[in-house]
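Inspection log for the structure reproduced underneath, given as structure tokens.
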Amino acid sequence: MSHSNCHGCSLCLLSCPMWQQRRDVQYSPQGIFKALQHNATNDEIAPALFSCLLCGACDVLCPEQIDITDTIKTLRQTLFAKGGEIELRKNIGSLLTQPVAETRIEANTIILPGKALRSMPDTLTKIQTLLSNETHAAIATDDGDDIALALEAGIHISEQRRRNFLEPLQEARRLYISNAHLLRALHQWLPATALCALGYSLSQLGELTSKLKKSDLYLIEARSFHFDHKQKITHYDQLRYQQGCQTNLDLQCNAIPTAAGVLNTLQPALDATEQGNWILSGRNVQRIVVECAEDGLAMSQVTRQPVLHIADLMEA
Amino acid sequence: MDKQHITYPRNTIGKIPPCPVAPDSLQGIPRQQTNPARWQGEQWPAFVVALKQANIELRVAPHNTGTYMTDAGGLAYGKPHGVVIARGAAQIATLMQLAQQFQVPVTTRGGGLTTEGESVAFGGVLLDMTGMSRVLHIDKTALTVRTEGGIFWHLLAEALRREGLDYLSAPLNLTSSVGGTLGVGGIDVNSSKLGCSADQAIALQVVTPTGEIVECSDEMHAELFQRVILGYGQFGIITEATLRIRPYTPLRMHYYYYSSLRNAVEDLIHLDRTEACDYSGILTMMDRAITLLVAFDSDERETEFLNHHRQAVRGYGELPFAIRTAAYYAVRPWRVKEALYLYQRKRELFPDLQPAHHMQGGQMIDRTVVFSRAVWKHWGGRQMVIPDLASSVDKFVESVERGNAVCKKYFPHYTLYCVGIKLRADHKPHYELSCIPPDAEEWAYGCEFEPMMGDNSYSRDQLQSFKNEIYDIGVDLGTSYYRFGGMMKGYIRRALGDEMVEKHLAMKRQADPSMILNRHVIF
């Protein structure tokens, strides 16, 4: 289904952080698609296109089953290809080159932790231990941060760079990926490999989740959750009822995202504090447990309550 | 702007510009479609300049105005000259003062869930109320909430649920806005107990058509309150509302199945009169496969029903009904297609009415979401045609049966949705010229008739003929309608009488000298 199928039901607005902050239909999938139906140029919709967090909640809600997130990514690509968003391109430029002399990793299981988690070596070691059950889980040195950013922003990735990134991963049987944009792309690029969302995989480990308390707010990583909502909602639904912990699921059972993300950091379109406060609003929380390191950093800015990565429950 | 220096010119063309399609539209004629003529933009340029001077952002690009081209009905199409996103009562007040001065029509829009073009602007300004959609204050002690008028019921529920609270009743479609709903009615499956959504309102902040900001309630500016509630947006714009709320409770659901529409309707009325349940409603898949929904707020209420009232309900449980239905079709093999449709419909619909992640321990924890999403998934589409009849208890069975016969004539598949609405004796003045039928006492009943259009394509004429035929039943029986605005306004005089319409028209002329606010919805 394409954007021309949008008939303006407004359901996408209900879980859209972009709309919730601005209360302006222009800043919603519906607003973008309706504008396109009325011949808006890409430049006219650019502010909304680049405000989107690509959290994917709208994909779950759309009764027309329009693949909204991919459509927005494609529209961003088109805009970049036509030379738009010059400022953003300038800011991103330096982040897109990641000169890594990569060698093939001799491991069946590889973890792609992403920049934020790499800066938390203790947590990363715990994750490595937790996921090294039958075989050793290796940490990828090139975990494609630049590619993830390019995917998010809609920037072309050179074939050479893509090959360099994928080459060391070819022999792995299982990959744990932190970044949801990368996860989605890898489903196409490595169809034969078992690809797992890192946070989701950790949330399946009873030794960690058994330590969640009623006063905890467990923050589900929104993007990978919505990407595979049907399968994951059952798991998280059980988790919250079994452990009694609170989650960032809204009434639609969509995960409210933080405003974390490289694009929103480079060109802030959403107020991270307002988003964090909305997640916390009306909740009596003593601790926040995140499954995505970027979410942890975002929440640390808005609350004095301890924020820890789910892997850190290992020793709690 | 100093309002005292403004003189509003009176509209000199009979208060309603003549409509080339139906010049006698107000008198009600059996026509095929009644889209009004587009306002031609007299004084628009001067109005735009004045808005700019008042620092009100006006969007006029085609993609801005085109976004609001139609409503959920998908039958009426019109474009405003410009769009204003509502940001505050003061901004709207200025807008209305200037609109009066320059005689520019203003059409308000919340969720855009009207079906007869009521929230479609045929020229002039489209005021998008969703720009004012924040919860302002929750009073846990008094059990009230103050909210901006453009908020979707769903977002209100989202904020209330964080505090363990819930609204009383709201439309099953949660992208309805609070302001729009209070102006029309709002029916939920608990309306037979708690009344329509409009009856939840304790107080309103209203911007009048001439741009005054007025706080009103049953005690303060009561006449304005009475006209704005259920007033189809004719007498003011709801910018804030104080609503009654309650502690949140999950639902204990029961479904009973009937092959007789009459039996189901009679049982619904009986359950409401005996106050045997907290929620009730009828949803049909076909006129021989009818579901009566019965639900409870507490285990005690559920137990009481099962012990004392269940025997009086003639509907079957799911398995016995399935067996009876299978037996019925087994001896009527020529109706196999009908049986297959029923089976298919059940398979698609039932899981969505009780999805695991919205249930816990057999109780529905998020009825708001479940029903709303099911409505969009199974009944939504590019066109939503939902004529209805709102009657007193005495006329309800006949209304439903006659409406069902009309549906059958026009469409192979359709759904009927019936609920009771508890009335408030002290709100009689609110109910004038509204969906509440004048002869209803204690309860009113509503039935919506919705064709399942699927991938079939129906002409606009066919759909309008269907609606007219349903509405003619109302004229014949003396009922009212939920959706009598917009394209169906021709029925207002026929159904509710000249005297009542003239009375309200006179009030409208006084309140809105240039007849600019939500023009063509009722007047």
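Sequence lines set the chain letters: A, B, ... in the order given, protein chains first and strands last, and positions in each chain run from 1.
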Full working for side chain to side chain contact (heavy atoms under 4.5 Å, CB included) between A/T41 and B/H63: CA-CA 9 Å; A/T41 63; B/H63 67 271; over 6 Å; no

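A side chain to side chain contact (heavy atoms under 4.5 Å, CB included) with A/R23 is found for exactly one of B/T130, B/L155, B/D128, namely B/L155.
The most heavy-atom pairs under 4.5 Å with chain A, out of B/H358, B/E163, B/K377, B/M69, come from B/H358. Interface check for chain B: of the options A/V25, A/D24, A/T234, the most heavy-atom pairs under 4.5 Å are formed by A/D24. Interface check for chain B: of the options A/L13, A/N5, A/L249, the most heavy-atom pairs under 4.5 Å are formed by A/N5.
Within a 6.0 Å radius of CG in A/N284, other residues, nucleotides and ligands contribute 12 heavy atoms or fewer. No more than 12 heavy atoms of other residues, nucleotides or ligands lie within 6.0 Å of CD in A/Q65, so this atom counts as exposed by the packing criterion.
Distance NE2/A/H7 to CD/B/Q383: 11.0 Å, rounded to 0.5 Å. If you take OH on A/Y241 and NE2 on B/H357, they are separated by 10.5 Å, rounding to the nearest 0.5 Å. Between atom NE2 of residue B/H154 and atom CG of residue A/L14 there is a gap of 5.0 Å, rounded to the nearest 0.5 Å.
Neither the backbone nor the side chain of B/M384 comes within contact range of chain A; no heavy atoms are under 4.5 Å apart. For chain A, no part of B/N173 is nearby; none of its heavy atoms comes within less than 4.5 Å. Of the two parts of A/R240, only the side chain, counted from C-beta on, holds a non-hydrogen atom closer than 4.5 Å to a non-hydrogen atom of chain B. Contact of B/A72 with chain A is not made at all, since no heavy-atom distance falls under 4.5 Å. Using a 4.5 Å cut-off between heavy atoms, A/Q30 makes no contact with chain B at all. Contact of B/A157 with chain A is made through backbone and side chain together, with heavy-atom distances under 4.5 Å. Interface residue B/I365: only side-chain heavy atoms are found under 4.5 Å from chain A. At a 4.5 Å heavy-atom cutoff, A/I32 makes no contact with chain B through either its backbone or its side chain.
Between A/Q252 and B/D366, every side-chain heavy-atom pair lies at or beyond the 4.5 Å cut-off. Between B/V83 and A/Q26 there is no side-chain heavy-atom pair separated by less than 4.5 Å.
Here the side chain of B/R161 pairs no donor or acceptor atom with the backbone of A/D250 at under 3.5 angstrom. Side chain of A/H38 to backbone of B/G66: a donor-acceptor contact under 3.5 angstrom is found.
The minimum heavy-atom distance between B/G111 and A/S10, with the atom names listed, is O-OG, 4.2 Å. Residues A/R22 and B/R87 come closest through the heavy atom pair O-NH2, 3.1 Å. In plain terms, the two heavy atoms of A/L280 and B/R162 that are nearest each other are C-NH1, 4.4 Å.
Using cut-offs of 30° and 60° for the angle between ring planes, the B/F152 and A/W19 rings count as parallel.
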